[in-house]
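For reference, positions follow the sequence shown, starting with 1.
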Amino acid sequence: MQLLDGKKLAQSIEKDLAMLVSACNDKPSLAVILVGNDPASQTYVNMKKHACERVGMIARLYALSSRTTQVELLRIIESLNNDEDVHGILVQLPLPPHIESNPILEAIAPSKDVDGFSPHNIGRVRANLSAFAPATPLGVMDLLAAYQIKLQGQHCVIVGASNIVGKPLAALMLNANATVTTCHIYTRDLASFTRQADILCVAVGKPNLITADMVKEGAVVVDIGITRLPNGKICGDVDFEAVSPKCSFISPVPGGAGPMTIVSLLQNTFKAYEIQRCIKGSYA
């Protein structure tokens, strides 16, 4: 069994990005919008801000009151869309209940949608065209590639069908010529599918959902779920201690998919910067 060490890989990618950013005359800039004071969202936003700073990017944090209206938020996004000094825009989810997320995500200019959540980028990802893929699926793909795990012809089973992880990851894996099965809350006899997986990816947020009897010998397992237990321990969707002896590769939680999500966001931001500078004719 070999660990898929996302932390180590992310640190290596950050070093490369820092070198690229240091050679830029002006710095890539990411606008991060946080509405309300949800503790988990605040933690994620701070992690993204610090990651930008580590590689020399500019992180602009817009911390808005929970009373912010949908119209006010749309106006801020419109302003950022038109700001040439902002290259990426990220709205931290979830939003307060009185704000509909879909119109907000749709309002972000596709060229600045570094989260890859807009219908424009979602469609291009599915069509296997150049686009901003969501950070977590992109990070998983880069993690597998770094460990030379081939996808072509492999049976990839994805547990979880969210718009943020499961669905775009399925599209990326299909584009890589894998055979993909997507399971979700209504899937009957989940174990009958997971036992077929050459590569099993789990993104549900249910601690220890995947047990040893649900995984075949030699499988590659990517645990994307993360939950903080009442005792403070961080736990994934896979029973790591029981499952890992059966695996050829497995990602730990924490230290697997999580760091790759953050660094993939940085990669998307730099990509957006490059594209926008090329369009303006000022990027060399």
Undergrad: Under a 3.5 Å distance rule, please check whether Q152 uses its side chain to pair with a backbone N or O of N177 as donor and acceptor.
TA: no
Undergrad: Does any non-hydrogen side-chain atom of V91 lie less than 4.5 Å from one of I77?
TA: yes
Undergrad: For C156 and A178, which heavy atoms make the closest approach, and how far apart are they?
TA: SG-CB, 3.7 Å
Undergrad: Among residues at least two apart in sequence or on other chains, which ones pass salt bridge (Lys or Arg N to Asp or Glu O under 4.0 Å) with D198?
TA: K216
Undergrad: Just list the side-chain donor-acceptor pairs under 3.5 Å for residues 249-260, sequence neighbours left out, or say none.
TA:
{"from": "S251", "atom 1": "OG", "to": "D223", "atom 2": "N", "distance (Å)": "2.8"}

Undergrad: Which heavy atom of L74 sits nearest a heavy atom of P103, and at what distance?
TA: CD2-O, 3.9 Å
Undergrad: Go through the steps to decide whether N121 and S118 satisfy the test side-chain contact (heavy atoms from CB on, under 4.5 Å), and finish with yes or no.
TA: CA-CA 5 Å; N121 280 309; S118 72; 3.4 Å; yes
Undergrad: Take a 6.0 Å sphere around CD of E53 and say whether it holds more than 12 heavy atoms from other residues, nucleotides or ligands.
TA: yes
Undergrad: Can you tell me if Q154 uses its side chain to pair, donor with acceptor, with the backbone of K150 under 3.5 Å?
TA: no
Undergrad: Checking Y273 against D26: is there a side-chain donor and acceptor pair closer than 3.5 Å?
TA: yes
Undergrad: Got a list of side-chain donor-acceptor pairs under 3.5 Å for residues 6-16, not counting sequence neighbours?
TA:
{"from": "E14", "atom 1": "OE1", "to": "R54", "atom 2": "NE", "distance (Å)": "2.9"}
{"from": "E14", "atom 1": "OE2", "to": "R54", "atom 2": "NE", "distance (Å)": "3.4"}
{"from": "E14", "atom 1": "OE2", "to": "R54", "atom 2": "NH2", "distance (Å)": "2.7"}

Undergrad: Decide if atom CE of M19 counts as having more than 12 heavy atoms of other residues, nucleotides or ligands within a radius under 6.0 Å.
TA: no
Undergrad: Hydrogens and angles aside, do H155 and T181 bring a side-chain donor and acceptor to less than 3.5 Å of each other?
TA: yes
Undergrad: Apply side-chain hydrogen bond (donor to acceptor under 3.5 Å, both in side chains) to K112 and list each qualifying residue two or more places apart in sequence or on a separate chain.
TA: none
Undergrad: How is the hydrophobic cluster of I122 composed, in terms of its other members, when Ile, Leu, Val, Met, Phe, Trp and Tyr link through side-chain heavy atoms under 4.5 Å apart, directly or indirectly?
TA: none
Undergrad: Should we say atom CD1 of I185 is surrounded by more than 12 heavy atoms from elsewhere, each under 6.0 Å from it?
TA: no
Undergrad: Which residue pairs pass the salt bridge (Lys or Arg N to Asp or Glu O under 4.0 Å) test with at least one member in residues 182-195, sequence neighbours excluded?
TA: none
Undergrad: Any sub-3.5 Å donor-acceptor pair from K233's side-chain atoms to T227's backbone N or O?
TA: no
Undergrad: Under the side-chain contact (heavy atoms from CB on, under 4.5 Å) criterion, do L190 and V159 qualify, and how do the steps go?
TA: CA-CA 9 Å; L190 177 63; V159 182; 4.1 Å; yes
Undergrad: Would you please name every residue forming a side-chain hydrogen bond (donor to acceptor under 3.5 Å, both in side chains) with T182, sequence neighbours left out?
TA: none
Undergrad: State, to 0.1 Å, how close A176 and M141 come at their nearest heavy-atom pair, and which atoms those are.
TA: CB-CE, 4.2 Å
Undergrad: What is the minimum heavy-atom distance between P28 and F270, and which atoms define it?
TA: CG-CD1, 3.8 Å
Undergrad: Quick one: salt bridge (Lys or Arg N to Asp or Glu O under 4.0 Å) partners of R124, sequence neighbours excluded?
TA: none
Undergrad: Test your reading of the model: is there a side-chain donor-acceptor pair from H184 to the backbone of G160, 3.5 Å cut-off?
TA: no
Undergrad: Extract all donor-acceptor atom pairs below 3.5 Å that involve side chains of residues 39-47 and protein atoms in other chains or at least two apart in sequence.
TA:
{"from": "S41", "atom 1": "OG", "to": "D38", "atom 2": "OD2", "distance (Å)": "3.1"}
{"from": "T43", "atom 1": "OG1", "to": "P39", "atom 2": "O", "distance (Å)": "3.1"}
{"from": "N46", "atom 1": "ND2", "to": "Q42", "atom 2": "O", "distance (Å)": "3.2"}

Undergrad: Minimum heavy-atom separation for N81 to A109, with atom names?
TA: OD1-N, 3.0 Å
Undergrad: Considering only residues two or more places apart or on different chains, which pairs with a residue in residues 68-79 satisfy side chain to side chain donor-acceptor pair (under 3.5 Å)?
TA: T69-E72
Undergrad: Looking only at heavy atoms, which two atoms of A51 and L266 are closest? And how far apart?
TA: O-CD1, 3.7 Å
Undergrad: Identify, with sequence neighbours excluded, every residue that meets side-chain hydrogen bond (donor to acceptor under 3.5 Å, both in side chains) alongside H98.
TA: none
Undergrad: Throw together a table of side-chain donor-acceptor distances under 3.5 angstrom for residues 202-215, partners on residues two or more places apart or in other chains.
TA:
{"from": "T211", "atom 1": "OG1", "to": "D213", "atom 2": "OD1", "distance (Å)": "2.5"}

Undergrad: With rounding to the nearest 0.5 Å, note down the distance linking CD1 in I158 to CD1 in I224.
TA: 7.5 Å
